[in-house]
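Each residue takes its place number in the sequence, starting with 1. Remember, predicted model here, so these are calculated numbers, not experimental data.
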Amino acid sequence: MTWLTEIKKASRSNTVAVAIIAAIFLLIPGFLALTLGLQGSGGTGIGIILILLYIGILVYSTRKSSAGNTQEIFLQEVDSIGDRPVVLTAIDAIPRDTRFIIEDVRLHPAFFAFRAGTIAHIWRADSLAWIYIKKQNTTNKSTLVGITIAKSISTNYFLEVCCVNRKSYAFTLKTEQEGQNLIAQLKTQFPHATFGYSPQIEQAYNYDPRQLIR
């Protein structure tokens with residue numbers, strides 16, 4: 001199964017899930033309210049509103065999740081690298097590294113690609129300027145009657161990919177070690193880019209990203 005096929009399949013699954021949830025919370029109550037209203041118990045207006053909301057959500061979801069937007073962005077990125085069939089064949093021919101659990105990562109001398117569900121991106125090798133692991137701590141609070149009774153801190157890791165055009169994308173890592181493993185491969189594949197974070201590197205990137213290409 002190719003990447004594009006998987007993106008389309010995931011998009012259809014998302015659309016079906018949205019349709020089911022919307023039917024449970026909008027369509028079914030809407031029909032019940034409409035039926036009661038027609039029987040003289042009131043609620044006709046509410047029933048019509050709920051049904052119209054269901055139709056609106058379904059239409060919006062179908063348009064948004066038809067793999068059109070995300071797939072088109074991905075294909076534009078593919079076309080920026082070279083011949084579309086050749087690049088797509090190359091992506092599908094590269095075996096997936098199963099150590100990277102969260103994302104489907106594919107490394108090639110000419111590009112770096114990843115996919116997660118309906119989202120897929122690809123970067124040309126010469127567009128990569130700076131790559132580093134970003135750590136984010138989130139404080140979670142449990143409250144009771146407005147009073148905080150417990151706090152916990154969760155840590156998430158992301159791989160931040162920054163390009164020479166100043167565009168960046170961060171994708172989720174399961175663990176910091178997963179990120180280190182991936183960066184070790186990226187260093188070998190794309191030695192011209194800068195890896196790791198420091199305030200000085202960030203300042204240099206903000207001033208001129210090309211400074212970070214060696």
Side-chain angles (χ1 to χ4, degrees), residues 1-7 10-11 67-137 155-214:
M1 184 181 293
T2 67
W3 264 29
L4 290 181
T5 302
E6 291 181 43
I7 293 170
S11 295
N69 293 338
T70 54
Q71 191 169 290
E72 184 58 32
I73 290 171
F74 174 64
L75 289 177
Q76 287 175 5
E77 293 167 348
V78 168
D79 290 339
S80 72
I81 294 175
D83 184 59
R84 180 185 293 188
V86 172
V87 176
L88 292 177
T89 300
I91 291 174
D92 291 322
I94 300 169
R96 177 178 180 176
D97 192 327
T98 54
R99 290 180 301 169
F100 308 127
I101 300 170
I102 302 299
E103 310 290 353
D104 185 353
V105 176
R106 308 292 172 99
L107 300 179
H108 183 276
F111 60 79
F112 166 34
F114 90 96
R115 183 183 65 80
T118 61
I119 305 299
H121 280 286
I122 185 168
W123 293 275
R124 298 193 315 274
D126 60 5
S127 73
L128 300 172
W130 179 30
I131 302 172
Y132 65 95
I133 296 174
K134 183 177 180 179
K135 180 179 178 181
Q136 184 180 76
N137 292 323
T155 302
N156 297 307
Y157 295 94
F158 304 89
L159 191 76
E160 191 86 23
V161 180
C162 305
C163 300
V164 293
N165 61 2
R166 299 183 187 275
K167 291 184 178 180
S168 63
Y169 190 91
F171 62 86
T172 307
L173 301 164
K174 183 175 183 182
T175 62
E176 185 177 15
Q177 186 59 52
E178 182 182 49
Q180 296 293 356
N181 293 340
L182 181 52
I183 278 186
Q185 287 200 27
L186 291 170
K187 281 182 177 179
T188 302
Q189 201 83 13
F190 311 114
H192 64 277
T194 295
F195 293 87
Y197 176 84
S198 75
Q200 292 76 20
I201 294 176
E202 182 176 13
Q203 184 177 13
Y205 178 80
N206 291 334
Y207 180 74
D208 181 5
R210 294 190 178 276
Q211 289 187 74
L212 302 184
I213 295 180
R214 294 170 289 185

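Classified by interplanar angle (parallel below 30°, tilted 30° to 60°, perpendicular above 60°), the ring pair W123/F114 is parallel.
Taking CG of L182 as the start and CZ of F112 as the end, the distance is 5.5 Å to the nearest 0.5 Å. Rounding to the nearest 0.5 Å places NE2 of H121 at 6.5 Å from CD1 of I73. Taken from CZ in F74 to CZ in R115, the straight-line distance is 9.0 Å, to the nearest 0.5 Å. Here D126 contributes atom CG and I213 contributes atom CD1; the two are 7.5 Å apart, rounded to the nearest 0.5 Å.
When the ring pair (Phe, Tyr, Trp, His ring centres under 6.0 Å) test is applied to Y205, the partners found at least two apart in sequence or on another chain are W130. In terms of the ring pair (Phe, Tyr, Trp, His ring centres under 6.0 Å) criterion, residue partners of H108 (sequence neighbours excluded) are, by chain and number, F111. With sequence neighbours excluded, no residue forms a ring pair (Phe, Tyr, Trp, His ring centres under 6.0 Å) with F158.
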Y132 and C162: side chain to side chain contact (heavy atoms under 4.5 Å, CB included), yes or no, with the steps?
CA-CA 9 Å; Y132 65 95; C162 305; 4.1 Å; yes

Between T175 and Q180, does a side chain to side chain contact (heavy atoms under 4.5 Å, CB included) hold up when you go through it step by step?
CA-CA 9 Å; T175 62; Q180 296 293 356; over 6 Å; no

As a quick check of understanding, evaluate side chain to side chain contact (heavy atoms under 4.5 Å, CB included) for N156 and T172, giving each step before the final call.
CA-CA 8 Å; N156 297 307; T172 307; 5.9 Å; no

Begin with the C-alpha distance, continue with both residues' side-chain angles, and end with the deciding distance and a verdict on side chain to side chain contact (heavy atoms under 4.5 Å, CB included) for D79 and V87.
CA-CA 8 Å; D79 290 339; V87 176; over 6 Å; no

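Counting all heavy atoms, side chain and backbone alike, L107 lies closest to Q189 at C-NE2, 4.1 Å. The two residues E160 and S168 come nearest to each other via the heavy atoms OE2-OG, 3.5 Å. Scanning all heavy atoms of the two residues, the minimum distance from G196 to I201 falls at O-CD1, 3.6 Å. Between L212 and A204 the shortest heavy-atom distance is CD2-CB, 3.9 Å. Closest approach of L75 to R84, counting heavy atoms only: CD1-NH1, 3.7 Å. Annotation for R106 and D104: closest pair NE-OD1, 2.8 Å, computed over non-hydrogen atoms.
Looking at heavy atoms from C-beta onward, H192 lies in side-chain contact with F190 at the 4.5 angstrom threshold. Between I183 and L159 the shortest side-chain heavy-atom distance falls below 4.5 Å.
With salt bridges taken as basic N to acidic carboxylate O contacts below 4.0 Å, none links D208 and R210.
Few gaps surround CD on Q76; more than 12 heavy atoms of other groups in view lie less than 6.0 Å from it.
The backbone N or O of A193 lies less than 3.5 Å from a partner atom in the side chain of R214, making a donor-acceptor pair. With E77 contributing its side chain and I122 its backbone, the two residues share a donor-acceptor pair below 3.5 Å.
Counting only N and O atoms by type, the side chains of N181 and Q177 include a donor and acceptor under 3.5 Å apart.
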